[in-house]
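This report concerns only the one structure given below.
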Amino acid sequence: MNKTIALIYGDCASPEIVRQAVRVLDKIADKYNHTFTYTRAYMGGEAIDKFGDPLPAAELEKCKAADSVLLGAIGGPKWEGLPGDRRPEKGLLRLRAGMGLYANNRPARIWPQLADASPLKKSIVDQGIDFIVVRELIGGVYFGEHKTFTQDGEKVAVDTMPYAEHEIERIGRIGFETAMKRRKKLTCVDKANVLDTSRLWRAVMHRLQAEYPEVEYNEMFVDNCAMQICKNPAQFDVIVTENMFGDILSDEASEITGSIGMVPSSSLGQGSCGLYEPIHGSAPDIAGQDIVNPIACILSAAMMLRYSFSMPAEADAIEAAVNAVLDAGFRTADMMADGCTKVGCTAITDEILKRI
Ligand code: IPM
Ligand code: MG
């Protein structure tokens, strides 16, 4: 198969991981007789430096024209002082919205080899951690009106959180469909004791529920959910939630699995062109040292093969190679444990490549 992949190298330590993911994709292309053609797109801090804009229209078009997009992570101290609409993060939000990627899928699964790295007690980890956060990605407070004004001699800031029924319905449906392919359990996470948007979410979810009688459906307040993820993560199969709650809970969910450096994500909309990115940030503190963990980005590439290119065998090959490398005791610094071999970003990828 011939596929075009738009690569966004990203900021700080991010280019280091994207380069490794490309090595893995090249190995897959070679082994399975595919041709991957890369186009480079600029977004985030890099685009600000080059064009003065975190996502120029031409860069968005490059992404939309590709068969899929692979991204590392964006942002960093260099761009922190910029106004909200010119920050690197704004480029990412515009990319997600511009591509219509409303469904963000963030798996939280314990790698048995990393169980000791989980901050949770062994007795909790042993019950199993294997759930997915389905996060609404292009609505809610991230995309509502933001403003700061002066009132009675002081500054006041307002961020609004709108949700229309159709936005809730399409992500709610992804939640139910995802649950149907797994253990058939869906938890809708909200703050329905306080927010109107959450009450609307529940009303829409109840309508959908009638279409999926096989799914065991429940609802949970987000504060309780944050606590339950630490206390009893085994209860979760699929969590569906609005944009900001999903942002927060997916960081928590990834950390309990051992390392946030291991968690990939997919973002999809109507078509098969998606955006694949690690859920972690750009790790400015360790940039340029070749010590960052590239696995979340490599696994994001695997997700791209699976979900956008329908190449399950190729995706399995990458995931199996990562598993074998962990079995062999290789670890980057973020997941280092006693008795393991500490390696850098390039070296751990070398080990993965050997096993594909
Ligand atoms: C994420 C990140 C982004 C988000 C930031 C960089 C805007 O935290 O992908 O989770 O909040 O969505
Ligand atoms: Mg986040």
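Remember, it's 1-based here, ligands and their atoms both numbered in the order they're listed.
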* To do: Fit a plane to each ring of Phe51 and Tyr42, take the angle between them on a 0 to 90° scale, and name the class: parallel (under 30°), tilted (30 to 60°) or perpendicular (over 60°).
  => perpendicular
* Asked: Going by the order shown, which atoms of ligand 1 are within less than 4.0 Å of some heavy atom of Tyr142?
  -> 4 (C), 11 (O), 12 (O)
* In ligand 1, which numbered atoms sit nearer than 4.0 Å to a non-hydrogen atom of Glu89? -> 6 (C), 7 (C)
* To do: Give a yes or no on whether a salt bridge exists between Arg173 and Glu211, defined as a side-chain N under 4.0 angstrom from a carboxylate O.
  => yes
* Asked: Salt bridge between Glu165 and Arg207, side-chain N to carboxylate O under 4.0 Å?
  -> yes
What part of [X], side chain from CB on, backbone N/CA/C/O, both or neither, has a heavy atom under 4.0 Å from ligand 1?
| X | value |
| --- | --- |
| Arg96 | side chain |
| Arg135 | side chain |
| Arg106 | side chain |

* Is the Lys NZ or Arg CZ of Arg199 less than 6.0 Å from the centre of Trp201's six-membered ring, within 45° of the axis? -> no
* Structure fact -> dist Leu200:CG -> Asp196:CG (nearest 0.5 Å) comes out at 8.5 Å
* What residues, two or more places apart in sequence or in another chain, satisfy salt bridge (charged side-chain N to carboxylate O under 4.0 Å, His left out) together with Arg331? -> none
* **Under 2.8 Å from the Mg ion (ligand 2) - protein N/O/S, by chain and number** => Asp247 OD1
* Considering residues, nucleotides and ligands other than Lys342, do more than 12 of their heavy atoms fall under 6.0 Å from its NZ? -> no
* **Glu242 (side chain) donor-acceptor with Gly140 (main chain) under 3.5 angstrom** => no
* Structure fact -> Among non-hydrogen protein atoms, atom 10 (O) of ligand 1 lies closest to Asp247 OD1, 2.8 Å
* **Centroid-centroid distance, Tyr217 to Phe176, less than 6.0 Å** => yes
